[in-house]
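Please read the structure below before turning to the comments.
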Amino acid sequence: MTLDETKSPDGSRAQHRAPDGAPDGPLDWTDGHVAQWLPVLPDLNPDIEGAVTRIKRLTVHLRRVREQSLVDFDLERHEFDTLHKLSGRGGRATPSELAADLDLAPASVTGRLDGLERRGLLRRTPSKKDRRRVDVELTESGRAVWLGAMDVLGDEEYRLLGVLSAEERAQLSDMLRRIMVVAEGGGAGGRD
């Protein structure tokens with residue numbers, strides 16, 4: 001296989017498909033998967049199968065990294081989700097706002113908040129605007145735990161996408177957006 005190598009604007013070497021259509025660079029698990037199924041399903045489009053399979057495998061990989069980060073930071077998934085939604089509101093919200101954000105009944109959120117408050121990851125204080133209301137506030141410890149878990153996944157995302165130039169990352173994001181617009185548009189298989 002002959003590769004056409006050129007320098008990218010950022011100085012890295014960009015590789016392109018060889019004239020015979022063979023993939024550039026090293027092969028991955030999906031290349032073997034596609035090669036296995038092509039004789040069985042001759043109408044299989046190797047580019048579509050390759051892209052979809054790689055997206056699925058990447059999703060599984062990132063899910064494993066996220067789950068390991070939760071273990072490392074001693075968080076259950078529901079605890080992380082609650083800290084994440086609270087952080088997304090600037091570190092302060094009412095229980096009813098969190099319930100809406102998490103798509104849960106208020107009673108379910110109360111149990112979550114009790115556990116996180118016992119661990120010192122958040123605190124509940126009387127609202128300054130309405131004494132009948134309680135505000136939930138992220139503590140410094142809660143913010144540190146949430147950020148730590150977020151950083152693990154963020155570091156892995158940067159590591160993986162770091163093999164692409166800035167221009168390639170923008171192109172990938174744009175192409176995936178076009179696909180998601182179709183997926184989110186409904187129709188057959190348009191839902192999660």
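Of all heavy-atom pairs between Pro39 and Pro42, the closest is O-CD, 4.1 Å. Heavy atoms only, all atoms of each residue included: Glu79 and Arg119 are closest at OE1-NH1, 3.0 Å.
Enclosure of atom CD in Glu140 is not indicated, since only 12 or fewer non-hydrogen atoms of other residues, nucleotides or ligands lie within 6.0 angstrom.
For the salt bridge (charged side-chain N to carboxylate O under 4.0 Å, His left out) test with Glu137, the passing option among Lys128, Arg89, Arg92 is Arg92; the others fail. Considering Thr53, Val60, Ile55 as possible partners of Arg57, the one that fulfils the side-chain contact (heavy atoms from CB on, under 4.5 Å) test is Thr53. Partner Leu113 forms a side-chain contact (heavy atoms from CB on, under 4.5 Å) with one of Val134, Leu122, Leu86 and no other, that one being Leu122. Put simply, the residue from Arg77, His84, Lys85 that forms a side chain to side chain donor-acceptor pair (under 3.5 Å) with Asp81 is Arg77. Of the residues Val109, Leu98, Thr125, the one that meets the side-chain contact (heavy atoms from CB on, under 4.5 Å) test with Val136 is Leu98.
Atoms CE and OG, from Met180 and Ser173 in turn, are 11.5 Å apart once rounded to the nearest 0.5 Å. With rounding to the nearest 0.5 angstrom, the CZ atom of Arg54 is 4.5 Å from the OG1 atom of Thr30. Of the inter-residue distances, the one linking Ser108 atom OG with Asp103 atom CG reads 10.5 Å to the nearest 0.5 angstrom. To the nearest 0.5 Å, atom CG of residue Asp114 and atom CZ of residue Arg124 are 4.5 Å apart. Atom CG of Leu160 and atom CG of Leu164 lie 9.5 Å apart (nearest 0.5 Å).
Remark: the Ser141 side chain and the Thr139 side chain contain no N/O donor-acceptor pair separated by less than 3.5 Å.
In this structure the side chain of Leu138 reaches within 4.5 angstrom of the side chain of Ser87, judged on heavy atoms. Counting heavy atoms from C-beta outward, Leu83 and Leu116 have side chains that approach closer than 4.5 Å. Glu49 places none of its side-chain heavy atoms less than 4.5 Å from the side chain of Leu41. Between Thr82 and Leu121 there is no side-chain heavy-atom pair separated by less than 4.5 Å.
Residues Leu176 and Leu161 fall within the same hydrophobic cluster, defined by Ile, Leu, Val, Met, Phe, Trp and Tyr side chains chained together at heavy-atom separations under 4.5 Å. Residue Leu147 is grouped with residue Leu153 when hydrophobic side chains (ILVMFWY) are merged at heavy-atom distances under 4.5 angstrom, including chains of intermediate members. The hydrophobic cluster containing Leu27 does not contain Leu58, counting ILVMFWY residues as joined when their side-chain heavy atoms lie under 4.5 angstrom apart, directly or transitively.
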Which donor-acceptor pairs under 3.5 Å do side chains of residues 62-74 form with protein atoms, sequence neighbours excluded?
from  : atom 1 : to    : atom 2 : distance (Å)
Gln68 : NE2    : Asp72 : OD1    : 2.7
Ser69 : OG     : Arg66 : O      : 2.7

Q. Can you check salt bridge (Lys or Arg N to Asp or Glu O under 4.0 Å) on Glu156 and Arg159, steps first, answer last?
A. CA-CA 5 Å; Glu156 182 64 0; Arg159 184 184 78 84; 2.8 Å; yes
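Proximity of a side-chain donor or acceptor of Asp28 to a complementary backbone N or O of Asp31 within less than 3.5 Å is detected.
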